[in-house]
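Following: one structure in structure tokens, then a few remarks.
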Amino acid sequence: MREFQDSRRAPVRLVVLIVFTSMILTGPGAEQAASAEVQIAVPPPPMGWSSWNSFSNTVDAKIIIDQANAMVARGMAKAGYQYVNIDEGWWRGERDAEGNITVDAQAWPALAPGERAGDMANIVRYIHHLGLKAGIYTDAGMDGCSLVPDLGPVYKHVGSEGHYEQDFLQFAKWGFDYVKVDWCGGDKEKLDPAVQYAEIARAIAEAEAVTGRRLYFSICNWGDNSPWTWAPNVGGAPADIWRTSGDIVDPIVAHQKHSGRLASFPGVLSNFDQGIHPEAQHTGFYNDPDMMVVGMPGLTDVQNRVHMSLWAISAAPLLVGADLATLSDATLATLTNPDVLAVDQDSLGLQGVKVASYGDGLEVWSKALSTAGERAVLLLNRTGDTAPITVHWSDLGLTDSSPASVRDLWARKELGSFSSSYSATVQSNDAAMLIVHGGEGKLTTYTPVGADDMHKGQKLSIANVSSRVPVARVRISYTNTDKAPRFEELWVNGQIATRIAFPPTGSDNTPGAVWIEALFDRAGANNVLRFSPISGLEPRIESIAVE
Ligand code: GLA
């Protein structure tokens with residue numbers, strides 16, 4: 001095995017090649033800045049509830065009030081759930097003469113003295129007074145999904161095309177904090193999602209500038225046109241999520257015509273698998289494998305627990321689809337386990353990756369956490385038989401030389417200290433979820449030569465980069481003295497670029513650090529990382545460190 005050095009303890013022997021516009025400079029890597037740098041917390045994935053899975057287009061103010069109340073009364077708000085998201089069905093596609101959205105006054109009545117029926121600001125005020133946040137829904141096209149409705153009548157023109165500025169400003173003025181933008185109309189018209197969602201992100205930014213309200217952006221085009229390649233920072237969005245697949249299940253609405261539908265565990269696994277794009281998930285941008293079906297008809301308590309584990313290890317948005325008013329105690333415990341939620345919400349914001357597999361279906365997944373030496377680990381058994389699964393510290397990027405402590409997150413119990421590996425017997429279609437805390441593995445640091453001159457809008461390339469693993473964590477040290485995040489594109493070996501957010505670091509003297517995961521598809525020390533400014537306002541990159 002090749003030797004990698006921890007440059008905090010020893011000088012790095014690798015030669016670092018910097019391509020700085022047309023100049024080529026070489027020099028030794030060094031980690032002068034690393035000891036002083038501050039790890040920057042990035043926005044976590046959103047947590048909340050969405051009306052679609054359990055209410056389809058029957059949604060109205062009464063349902064939203066009941067669900068918001070239940071989110072508080074059942075302790076979910078205390079556990080961290082905050083968004084109450086109104087999905088399709090709230091609007092019938094009607095507008096006034098000026099093109100403003102008009103809504104049904106009976107479905108959305110006045111809720112307090114002085115309010116006007118048919119004003120969506122009423123329900124937003126209700127949600128806000130509980131200390132929660134409110135989400136709304138539209139489509140990027142002219143029509144929405146209710147041309148082929150799951151329940152209820154057909155409504156045309158339930159989309160925002162032609163009204164982007166007007167509608168997103170309206171959502172912000174109503175007080176909404178979150179908007180999900182679907183793609184039924186866009187798909188029907190064969191629009192380009194990368195173009196439309198960029199336009200929408202710009203409309204959102206304008207609405208935010210007018211109202212001073214942040215409107216969180218949720219892209220829902222089911223993975224068409226590989227949104228992970230264009231969605232991070234699309235149209236300048238400071239944080240966003242994008243769906244990576246279709247719906248896990250169509251809505252299951254009690255006492256309605258499809259009430260006999262069932263969610264399925266293979267459907268959960270399929271959406272999980274389709275959601276894994278670690279190279280795109282960083283610095284506040286998240287893959288979204290769909291609203292959860294935890295607690296819905298069709299899944300056992302064990303399957304609910306595995307589902308929750310899968311979403312948490314991948315740092316997926318945690319949007320509950322079940323009816324909160326009728327959750328069983330077991331489901332509630334699954335949704336609110338603080339150790340598991342902390343994995344999902346960890347401030348590095350990285351997605352778990354599969355680090356080992358045995359035969360067909362015994363898998364070890366690992367997610368790096370913000371505490372040095374800590375990994376969340378999932379031992380997943382997809383086979384039909386009970387089997388032992390072993391996680392080796394070396395597979396987690398931890399040192400073999402020191403023992404690691406192991407905690408079982410579902411039992412909420414310390415299991416002890418183990419040297420080099422841990423094995424658990426895992427039942428068929430079950431998973432063990434652990435925190436392993438050991439000695440942090442070594443990173444190799446690459447420092448740009450001539451960094452003082454480096455940040456004048458030129459491209460910055462670092463060549464001869466090697467990594468121990470194909471999907472490697474990269475820590476980027478930088479400074480951004482601005483008050484807002486700055487963004488850069490990163491190409492690894494000429495793959496499609498990803499846009500990285502660099503939040504403010506405050507002073508110029510103390511660098512901050514954010515983490516990404518990059519696909520190193522070249523063996524040996526042949527990988528090239530190229531950073532490129534998006535606008536004239538880029539961060540100043542001090543160094544990168546690679547696992
Ligand atoms: C699509 C989305 C779902 C939901 C429905 C509403 O299918 O993927 O999440 O919003 O539309 O019709």
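What you see is a predicted model, and the numbers here were worked out from it, not measured in a lab. Residue indices begin at 1 and follow the sequence shown. As the structure lists them, so they are numbered: ligands from 1, and atoms in each ligand from 1.
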Taking only non-hydrogen atoms of Met291 and a 4.0 Å limit, the atoms of ligand 1 in range are 9 (O)
Checking heavy atoms under 4.0 Å, the part of Asp182 that sits near ligand 1 is side chain
TODO: Dump the intermediate steps for salt bridge (Lys or Arg N to Asp or Glu O under 4.0 Å) on Glu208 and Arg214, then the final yes or no.
DONE: CA-CA 6 Å; Glu208 289 176 336; Arg214 173 96 177 84; 3.0 Å; yes
In terms of heavy-atom contacts, Ser56 and Val253 come closest through CB-CG2, 3.6 Å
Tell me whether the rings of Trp183 and Tyr197 are parallel (<30°), tilted (30 to 60°) or perpendicular (>60°).
tilted
Note: ligand 1 atoms sitting under 4.0 Å from heavy atoms of Trp222 are 1 (C), 2 (C), 8 (O)
| task | Examine ligand 1 and decide if any of its atoms is less than 4.0 Å from a heavy atom belonging to Tyr137. | result | yes
For Arg243, the atoms of ligand 1 under 4.0 Å from one of its heavy atoms are 8 (O), 9 (O)
So do the side chains of Val181 and Phe168 get within less than 4.5 Å of each other, counting heavy atoms only?
yes
In this structure, atom 8 (O) of ligand 1 is nearest to the protein heavy atom Asp247 OD1, 2.6 Å
In terms of heavy-atom contacts, Ile248 and Asp290 come closest through N-OD2, 2.9 Å
Quick look: Cys220 vs ligand 1, heavy-atom contacts under 4.0 Å, and the answer is side chain
among protein heavy atoms, the one nearest atom 9 (O) of ligand 1 is Lys180 NZ, 2.8 Å
Atom 10 (O) of ligand 1 sits nearest the protein heavy atom Asp87 OD1, 2.7 Å
Q. What orientation do Phe285 and Phe487 show, parallel under 30°, tilted 30 to 60°, or perpendicular over 60°?
A. tilted
Under 3.5 Å donor-acceptor, Gln82 side chain and Ala134 backbone
no
for atom 6 (C) of ligand 1, nearest protein heavy atom and its distance come out as Glu88 OE1, 3.1 Å
